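Presented below is the structure to which this report refers.
A, B, ... follow the sequence lines: proteins, then strands. Residue 1 opens every chain. FYI, side chains are in, hydrogens and waters are out, and symmetry mates aren't considered; it's all heavy atoms of this structure. Since we're looking at a predicted model, the values are computed, not measured.
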Amino acid sequence: MSSIPATKRLTGVKQHENIVGWLMAAPAVVLLTVFLIIPFLMAFIFSFTNQRLISPNPTEFVGVRNFTDLLTIRTLTIDPILDEAGQPVLDDAGNLTYPRLREFTRNNPDYPELDGLQELLSWSSGSQRVFLLSSDVVFIRALFNTIIFVLVIVPFQGGLALILALLINQKLSGINIFRTIYFMPVVVSMVVVALLWRFIYDGDNGLLNTLLGVLTFGSFQPVNWLGDPSTAFPALMVMSAWQGVGFHMVIWLAGLQNIPETLYEAAGLDGANTWQKFRFVTWPGLRSTMIFVLVIITMQAFGLFTQVDVMTRGGPLDSTQSIMYQAVQRGYQAQDISGGSAISVIFFLLVLFVSMIQRYLTREKAA
Amino acid sequence: MSAQPVRTRHHNWYVLGSYTLLSILAFVFVFPIVFMVVSSLKPDLQLLRDTASLNAFLPIGDISLNNYAAAFDRAPIGTFIFNSVFVTTVTVLIGLVINSMAAYSFAVLRWRGKNTVLSIVIATFIIPFEAIAIPLLLIVNSLPWLGPEGLQIGWLNSLHVQIIPFLVSAFQIFLFYQFFRDLPTELVEAARIDGASLFQIYYRVIVPISGPVFATAAILRFLDMWNQYLWPLMVVQSERYRPVMVGLQYFFQLNIAWGEVMAYLSLVTIPVLILYLSLQRAFITSIATTGIKG
């Protein structure tokens, strides 16, 4: 044995491991810092400036202006127009008439806080008319749409994936062929899928209209799925689920196959029927799988971009706008880097907030 | 659900019902792909006419490979495919080394600051690519590159701009980390006692027994990279460096030739489908294993 004291040798070994550990992690850490963490911090910083891609003026710090430009929302209540006698003026159809909204939001010295705002929604309340005004109608629409998309797609796609997994988990011969087919769309690029589905949703000779026509023996009236503001977004959701559901099906399947067969046998001995077996054996056994599926569908759904870009470009009438589509539109297409960055920051905070809620809720149930 | 007892009780009707439902669903998942391939063989007029009936799914009428020939004439498809294959292969291979090495360091080695660095790496999961795309564009536009033409500033219009930012994946590191962490510690300890260096333990002990997780990481990365769309759209204007998904733009000029579009879509999709069908077990287990430990 050497004459170096044992403690010192140990420190030497530790020191060596310290260095090797750092060195082996270094390439990943450096690349991650340069290409993810720094851009992320830059987005934060840009969102408080007036940075543009090409601008004759120097970049300035503008505080939270980018955020207020995106998120300002106010209500305005307008009284009906009265004549000299104090009676409301009615239009030809006998409805109350109101001053134009423009009179309040365009250079009205009495309402400086409303300047430049646009109508988001309006409704009647008694004889008054209430307006919800926004500084950026398109962005609010995008924000709202993205949240709806997540709220719909997470249970819809997650539930569908679970049903498929239960079907595939049966011990039938040739079942793997079906598993292979259901997973197939996952390996097809979203760009390709979105282009194909434009044919499916086409209003004139679209495949969906054709199929529905055949199934209903010709009584189905063709719909221009992507051209109608009321069907365009649901159409996008169905297509997204079609492409992604196989992925989550396979994750559920792995969870199902992890549940020990003995639990089902015990439940069978206790006289449990199929539903009770699902309710008291399968579902509790899928808890951690459920959390995982929930988290990844949520993350993927928030990032909604390619489908919108390829299929609808946000239209018709902004019915398919999404946060990420707006971020790329402004930051890249319109070269408004600070505006795009502010959207990215809002997006990030939203995702962070939602994942914290999810973490909290799923932890609560575990107790 | 346990299928065994159910099957014995309802035998025939149950099995028939299951197969019917499974087949309807199979049609739902496969029909757009069948439509794509079948349409790529038809001339434009027939293609558009056929979508009005179930002929859309049948290779009948005037069937030929003309659309493929026309697509190759219209765009340098060979270049696009080469670019995508090159970018994908290099990213997957180098990425596997960098990410697995980092994960080994996090999972097996003991060093100061490890836990802090690891939690930062895992936290970056939450940042979607689209949210950082624009600042990233500014960064790559100001980075130097030493190429055959000497020192240049800016990485736009190149293959490396499509590779280097994607080498590291926090998700991949996490995948490897979980796998390495659960390996029996005796393996590493035995190798340490035998006097193996820390790096040797990585590539002589850990890597050889981690085939499945390498396959998982490679497959997931392959799909991501082959399907890259937004980033190359932003950073590559020159056709020399264009990957397959961006190459689609060539087919969307005035008077879209749909037959050619279908031929192109088939060309960029069929190789991936063939790869998937021949390795489907690996593809599916790879996704499944990502979920098991959550």
Which one of Tyr264(B), Phe129(B), Trp258(B) has the most heavy-atom pairs closer than 4.5 Å to chain A? Trp258(B)
Using non-hydrogen atoms and a 4.5 Å limit, figure out which bit of Val293(A) sits close to chain B: side chain, backbone, both or neither. neither
Answer with side chain, backbone, both or neither: which region of Leu25(B) has an atom nearer than 4.5 Å to a non-hydrogen atom of chain A? both
If you measure from CZ on Phe35(B) to CG on Leu196(A), what distance do you get to the nearest 0.5 Å? 7.5 Å
Would you check, one step at a time, whether the test side chain to side chain contact (heavy atoms under 4.5 Å, CB included) holds for Tyr332(A) with Leu137(B)? CA-CA 9 Å; Tyr332(A) 181 64; Leu137(B) 175 66; 4.0 Å; yes
Interchain contact, Leu47(B) with chain A, by part (heavy-atom threshold 4.5 Å): side chain
Please identify, among Leu352(A), Val328(A), Thr210(A), Ile259(A), the residue contributing the most non-hydrogen atom pairs under 4.5 Å to chain B. Thr210(A)
Looking at Leu138(B), Leu277(B), Val97(B), which one has more heavy-atom pairs under 4.5 Å with chain A than the rest? Leu138(B)
Using every non-hydrogen atom in the two residues, find where Ile200(A) and Pro32(B) come nearest and quote the distance to one decimal. CD1-CG, 3.7 Å
Can you establish whether the number of heavy atoms outside Ile270(B) located under 6.0 Å from its atom CD1 is more than 12? yes
For Leu118(B), is it the side chain, the backbone, both, or neither that has a heavy atom closer than 4.5 Å to a heavy atom of chain A? neither
When rounded to the nearest 0.5 Å, the distance separating CD1 of Ile175(A) from OH of Tyr19(B) is 6.5 Å
Between Trp111(B) and Trp22(A), how do the two ring planes meet: parallel, tilted or perpendicular, split at 30° and 60°? tilted
Determine the minimum heavy-atom distance between Ala28(A) and Ala102(B), stating which atoms define it. CB-CB, 3.6 Å
Region of Val193(A) that comes under 4.5 Å of a non-hydrogen atom in chain B: neither
Side chain from CB out, backbone as N, CA, C, O: work out which of these in Ser39(B) comes under 4.5 Å of a heavy atom of chain A, or both, or neither. neither
Interatomic spacing from CD1 in Ile132(B) to CG in Leu36(A) - rounded to 0.5 Å: 4.5 Å
Phe178(A) versus chain B, the contacting section by heavy-atom distance below 4.5 Å: side chain
With side chain to side chain contact (heavy atoms under 4.5 Å, CB included) as the test, would you mind laying out the steps for Arg110(B) and Asn18(A) before giving the verdict? CA-CA 7 Å; Arg110(B) 290 174 283 252; Asn18(A) 236 332; over 6 Å; no
Answer with side chain, backbone, both or neither: which region of Tyr202(B) has an atom nearer than 4.5 Å to a non-hydrogen atom of chain A? side chain
Backbone of Asn227(B) reached by a side-chain donor or acceptor of Ser189(A) within 3.5 Å: no
Less than 4.5 Å to any heavy atom of chain A: does that hold for the side chain of Leu167(B), its backbone, both, or neither? side chain
Find the distance between CG (Leu230(B)) and CE (Met324(A)) and round it off to the nearest 0.5 Å. 10.0 Å
Based on non-hydrogen pairs under 4.5 Å, which of Arg179(A), Glu265(A), Gln243(A), His16(A) is most in contact with chain B? Arg179(A)
With only heavy atoms counted, which part of Arg198(A) is less than 4.5 Å from chain B, the side chain, the backbone, both or neither? side chain
If you define the side chain from C-beta out and look only at heavy atoms, does anything of Leu22(B) sit under 4.5 Å from Leu172(A)? yes
So which atom in Leu21(B) and which in Tyr182(A) form the shortest heavy-atom distance, rounded to 0.1 Å? O-OH, 4.4 Å
Determine whether the aromatic ring centres of residues Phe166(B) and Phe35(A) are separated by less than 6.0 angstrom. no
Region of Leu195(A) that comes under 4.5 Å of a non-hydrogen atom in chain B: side chain
Could you check which of Val214(A), Leu253(A), Leu211(A) has the highest count of heavy-atom pairs closer than 4.5 Å to chain B? Leu211(A)
Most chain B-contacting option - heavy-atom pairs closer than 4.5 Å, from Phe40(A), Phe199(A), Trp197(A): Phe199(A)
My understanding is that only one of Leu265(B), Val272(B), Ile33(B) makes a side chain to side chain contact (heavy atoms under 4.5 Å, CB included) with Val192(A); could you say which? Leu265(B)
Among Asn209(A), Leu164(A), Val29(A), the residue with the most heavy-atom pairs under 4.5 Å to chain B is Leu164(A)
Contact part of Val108(B) toward chain A, heavy-atom cut-off under 4.5 Å: side chain, backbone, both or neither? backbone
Check Val168(B) against Pro27(A) and note the closest heavy-atom contact, atom names and distance. CG2-O, 4.4 Å
Give me the atom names and distance for the closest heavy-atom approach of Gly21(A) to Leu109(B). CA-CD1, 3.7 Å
Ser338(A) meets the side-chain hydrogen bond (donor to acceptor under 3.5 Å, both in side chains) criterion, sequence neighbours left out, with Asp336(A)
With heavy-atom distances below 4.5 Å as the criterion, would you say the side chains of Phe183(A) and Tyr276(B) are in contact? yes
Below 4.5 Å, heavy-atom pairs only: which of Ile120(B), Leu143(B), Leu136(B) has the largest tally toward chain A? Leu136(B)
Do Met24(A) and Phe199(B) touch side chain to side chain, with heavy atoms closer than 4.5 Å? yes
Answer with side chain, backbone, both or neither: which region of Val121(B) has an atom nearer than 4.5 Å to a non-hydrogen atom of chain A? both
Under 4.5 Å from any heavy atom of chain B - which part of Met184(A): both
If you measure from CD on Glu130(B) to CD1 on Ile343(A), what distance do you get to the nearest 0.5 Å? 13.0 Å
Using a cut-off of under 4.5 Å for heavy-atom pairs, which of Arg49(B), Met245(B), Met101(B) has the most such pairs with chain A? Met101(B)
Can you find a pair of side-chain heavy atoms, one from Arg281(B) and one from Asn176(A), that are under 4.5 Å apart? yes
Go through Leu223(B), Asn99(B), Ile139(B) and name the one with the most non-hydrogen pairs under 4.5 angstrom from chain A. Ile139(B)
Is a salt bridge present between Arg192(B) and Glu17(A), judged by a nitrogen-to-oxygen distance below 4.0 Å? yes
Rounded distance (nearest 0.5 Å) linking atom CG of Leu233(B) with atom CG of Asp309(A): 7.0 Å
Contacting moiety of Ala43(A), where chain B heavy atoms sit under 4.5 Å: both
Applying side-chain hydrogen bond (donor to acceptor under 3.5 Å, both in side chains) to Thr180(A) and not counting sequence neighbours gives Gln280(B)
Return the option, out of Trp242(A), Phe347(A), Phe46(A), with the maximum number of heavy-atom pairs under 4.5 Å with chain B. Trp242(A)
Where does Ile219(B) contact chain A at under 4.5 Å (heavy atoms): side chain, backbone, both or neither? neither
Examine whether an atom of Thr269(B) lies under 4.5 Å from a heavy atom of chain A, and if so say whether it belongs to the side chain, the backbone or both; otherwise answer neither. side chain
Residue pair Met299(A) / Pro128(B), side-chain heavy-atom distance below 4.5 Å: no
